[in-house]
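Note that these values count all heavy atoms, side chains included, but never hydrogens, waters or copies made by symmetry. Numbering of residues begins at 1 and proceeds along the displayed sequence. Note that this is a predicted model, so its numbers are computed, not measured.
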Amino acid sequence: MFPLLGHTEGLLAVDNPAKNGQGNKVYAALEAFEGNDQVAMRQYGSDWQGSYSPRHGTNIGLLSARTEAGVQWQGYRLGALYRAEALVEANRDTSDLVRQYNNSSGYDVGRTYQLDYQIKGFEADGARLSKSFQLNLGGQWQMDLGVGLSYLRGKRIKLETASGQVVTLNSKDFNAGVHLNDSDSQMNITDLASFNAPFGRLAAPSGDGYAVDAGVVLRHRESGVSIELAVADLAGRINWKNLPNNVTDYSNATKYYDADGYVQFNPTATRTSSYQDVSQNLDPKLWLAASYPIGDFEVQGAASYTRGYWFPQAGIKYHINPRWAVNADFDFRFNTFGLSLQHQWFYLGLRMDNTNMDTARAYGLNGGINIPF
């Protein structure tokens, strides 16, 4: 069996620095995943047409993307880094209202929608230095440890919350009392319809921060059994300056109706715009995994975790020969099936919940190279 490949794991793209190894090599890794509970991903940022079957409780949308490329020597790694992450949370009432509003399908008459919505996301690039260590525990057990430190230069941040109540009057009209707080570094601050710049001042947002990662791999040499734990953003923060923020209260006083008779609201009448300095704490992300070899096969179980959400997976790997392997796994949150081809120098994998991209609710891609020198 070929040695562990140091690449990101799970739906949350957690990198375990304990898997760096001690050899000298050039490396590059890519992990990207997006999925949601309600509709096809291609409809998620659009009008929510097509099949709609949300969860009864909280519905989430997830984005995890990470790329890193650099050089490794004697357990050290130094590379350029890019990250993008977002987690959207919405209760069932909010999901139903968004869909009905976006596709003008009509509101449920006599229903009261209790709204609870939140999005937290960022995009950053930078550099990362990591180091792995090997400990011989005696007998057949070996432990690999690793730590990583990243400098992050913020490229985008999106923080938004909405809460309140909507009471329908008929299939096209409702009364609303909704509070919206929106911070977005890509807000169009020159457009008065989007942002009322304080005193006409136009400011450019910026962000700088750091992240600390840690991991461990415990392996039994004779049996090949391995247990793995990694935590991304064990500590992490991005400090943003001059971040545009809108606080808007939607009420009956700002109602009007479009040409088809559907209720609309004028946000500019109750909106307060400002620039804010925000310290964004990065949420820790956990990766747990175990594998058990059976001949040329390897049975795997794993789970990712962040902010109260578990993303369990189960899979099996087949070692074709000492250099080649095929891995298949299933994720139980979004019901995606993953398939990857692995070589001791590279790997490539895809995952989807549906072979039709137009109706798929979740899909991902991962790949990388590890070239020794």
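- Side-chain contact check for Glu31 versus Asn366: some heavy-atom pair is nearer than 4.5 Å.
- Looking at every heavy atom in both residues, Val263 comes nearest to Phe174 through CG1-CE2, 3.6 Å.
- No continuous path of hydrophobic side-chain contacts links Val212 to Val216 [ILVMFWY only; heavy atoms under 4.5 Å].
- Between Ser304 and Gly10 the shortest heavy-atom distance is OG-CA, 3.8 Å.
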query: Could you walk me through whether Lys158 and Asp182 pass the salt bridge (Lys or Arg N to Asp or Glu O under 4.0 Å) check?
result: CA-CA 8 Å; Lys158 175 71 172 178; Asp182 180 22; 2.9 Å; yes
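- No side-chain donor-acceptor contact under 3.5 Å links Asp173 and Tyr262.
- Judged purely by atom type and a 3.5 angstrom limit, Thr270 uses its side chain to pair as donor or acceptor with the backbone of Asp249.
- Side-chain contact between Met143 and Arg219 is absent, with no heavy-atom pair separated by less than 4.5 Å.
- Under the 3.5 Å distance criterion, with hydrogens and angles disregarded, no donor-acceptor pair is assigned to the side chains of Gln114 and Asp93.
- Defined by atom type and a distance below 3.5 Å, a donor-acceptor pair is present between the side-chain atoms of Arg77 and Gln72.
- The aromatic rings of Trp324 and His343 stand perpendicular to each other, their planes meeting at an angle above 60°, with 30° marking the opposite boundary.
- For the atom pair CG of Asn239 and CG of Asp277, the computed distance is 9.0 Å after rounding to the nearest 0.5 Å.
- Looking at Arg221 and Gln142, their side chains do bring a donor and an acceptor atom within 3.5 Å of each other.
- Looking at every heavy atom in both residues, Ser274 comes nearest to Pro198 through CA-CG, 3.8 Å.
- The distance from the CZ atom of Phe346 to the CD1 atom of Ile369 is 10.5 Å, given to the nearest 0.5 Å.
- Phe337 and Met352 fall into different hydrophobic clusters, defined by Ile, Leu, Val, Met, Phe, Trp and Tyr side-chain heavy atoms under 4.5 Å apart, directly or through other members.
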task: May I have the step-by-step check of salt bridge (Lys or Arg N to Asp or Glu O under 4.0 Å) for Lys120 and Glu89, ending in yes or no?
output: CA-CA 9 Å; Lys120 182 178 182 180; Glu89 301 171 277; over 6 Å; no
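- How far CG of Asn246 is from OG of Ser273: 3.5 Å, rounded to the nearest 0.5 Å.
- In this model, a donor atom of one side chain and an acceptor atom of the other lie less than 3.5 Å apart for Tyr113 and Gln100.
- Taking the side chain as every heavy atom from C-beta outward, Leu11 and Asp331 approach each other to under 4.5 Å.
- For the pair Asn356 (side chain) and Asp358 (backbone), a donor-acceptor distance under 3.5 Å is present.
- For the residue pair Tyr27 / Glu68, a side-chain donor-acceptor distance below 3.5 Å is found, with atom types taken as modelled.
- In summary, Asp260 and Lys172 do not engage in a salt bridge, as defined by a charged side-chain N under 4.0 Å from a carboxylate O.
- Although no hydrogens or angles enter the test, the distance criterion places no donor-acceptor pair under 3.5 Å between the side chain of Tyr363 and the main chain of Met41.
- With 3.5 Å as the limit, one finds no donor-acceptor pair spanning the side chains of Glu160 and Asn181.
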Residues Phe297, Tyr318; criterion ring-ring contact (aromatic ring centres under 6.0 Å, His included); working and verdict: CA-CA 5 Å; Phe297 292 89; Tyr318 173 61; 4.9 Å; yes
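- Between the side chain of Gln140 and the main chain of Glu222, a donor-acceptor pair closer than 3.5 Å is present.
- At least one side-chain heavy atom of Leu152 sits less than 4.5 Å from a side-chain heavy atom of Arg83.
- The backbone N or O of Pro205 sits nowhere less than 3.5 Å from a side-chain atom of Asn242 that would complete a donor-acceptor pair.
- Around OH of Tyr76, the count of heavy atoms belonging to other residues, nucleotides or ligands within 6.0 Å does not exceed 12.
- When side chains are defined from C-beta on, Gln342 counts as touching Asn327, because their heavy atoms get closer than 4.5 Å.
- At a threshold of 4.5 Å between side-chain heavy atoms, the hydrophobic network of Ile, Leu, Val, Met, Phe, Trp and Tyr places Val71 and Leu129 in one connected group.
- Inter-residue side-chain proximity for Glu298 and Tyr292 is flagged as unmet; no heavy-atom pair is nearer than 4.5 Å.
- Side-chain contact, Thr268 with Asn266: a donor N or O sits under 3.5 Å from an acceptor N or O.
- Side chains of Asn175 and Lys255: a donor-acceptor N/O pair is present below 3.5 angstrom, by distance only.
- Panel note: side chain Tyr101, backbone Ser104; no donor-acceptor pair is recorded below 3.5 Å.
- Here the side chain of Thr94 pairs a donor or acceptor atom with the backbone of Asp116 at under 3.5 angstrom.
- Atom CH2 in Trp240 sits 9.0 Å away from atom CG in Asp208 (nearest 0.5 Å).
- Counting non-hydrogen atoms of neighbouring residues, nucleotides and ligands closer than 6.0 angstrom, the CD atom of Gln74 reaches no more than 12 such neighbours.
- Between Glu228 and Lys19 there is a salt bridge, with a side-chain nitrogen of the basic residue lying less than 4.0 Å from a carboxylate oxygen of the acidic one.
- The environment of NZ in Lys241 is sparse: at most 12 heavy-atom neighbours from other residues, nucleotides or ligands sit within 6.0 Å.
- Using a distance-only test at 3.5 Å, with no hydrogens or angles considered, a donor-acceptor pair links the side chain of Lys285 to the main chain of Asp283.
- Between Asp37 and Arg333 there is a salt bridge, since at least one side-chain N of the basic residue sits less than 4.0 Å from a carboxylate O of the acidic one.
- Within 6.0 Å of CZ on Arg153 lie no more than 12 heavy atoms contributed by other residues, nucleotides or ligands.
- A salt bridge does not link Asp353 to Arg361: none of the charged side-chain nitrogens sits closer than 4.0 Å to a carboxylate oxygen.
- Between the Asn281 side chain and the Ser279 main chain, no donor and acceptor come within less than 3.5 Å of each other.
- With values rounded to the nearest 0.5 angstrom, Lys317 atom NZ is found 7.5 Å from Ser340 atom OG.
- Transitive grouping of hydrophobic side chains (ILVMFWY, heavy atoms separated by less than 4.5 Å) brings Val231 and Trp310 into a common cluster.
- Counting all heavy atoms, side chain and backbone alike, Asp15 lies closest to Ala230 at O-CB, 4.5 Å.
- Taking the side chain as every heavy atom from C-beta outward, Val326 and His319 never approach each other to under 4.5 Å.
- Ring orientation note: the planes of Phe334 and Phe33 are tilted relative to one another, at an angle of 30° to 60°.
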Stepwise side-chain hydrogen bond (donor to acceptor under 3.5 Å, both in side chains) check, Tyr52 with Asp96: CA-CA 9 Å; Tyr52 174 70; Asp96 290 349; 2.5 Å; yes
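- At a threshold of 4.5 Å between non-hydrogen side-chain atoms, the residues Tyr275 and Leu243 do not count as touching.
- Between Leu87 atom CG and Ile119 atom CD1 the span is 8.5 Å, to the nearest 0.5 Å.
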field: Intermediate values then yes/no, side-chain hydrogen bond (donor to acceptor under 3.5 Å, both in side chains), Ser95 and Gln38
entry: CA-CA 8 Å; Ser95 295; Gln38 298 107 311; 3.0 Å; yes
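- Between Arg92 and Arg111, the closest heavy-atom pair is O-NH2, 4.4 Å.
- Here the closest heavy-atom approach between residue Thr168 and residue Asp108 is recorded as OG1-O, 2.8 Å.
- The backbone N or O of Leu218 lies less than 3.5 Å from no partner atom in the side chain of Ser226, so there is not a single donor-acceptor pair.
- Cluster partners of Tyr82: none. The rule joins Ile, Leu, Val, Met, Phe, Trp and Tyr whenever side-chain heavy atoms lie under 4.5 Å apart, and it links nothing here.
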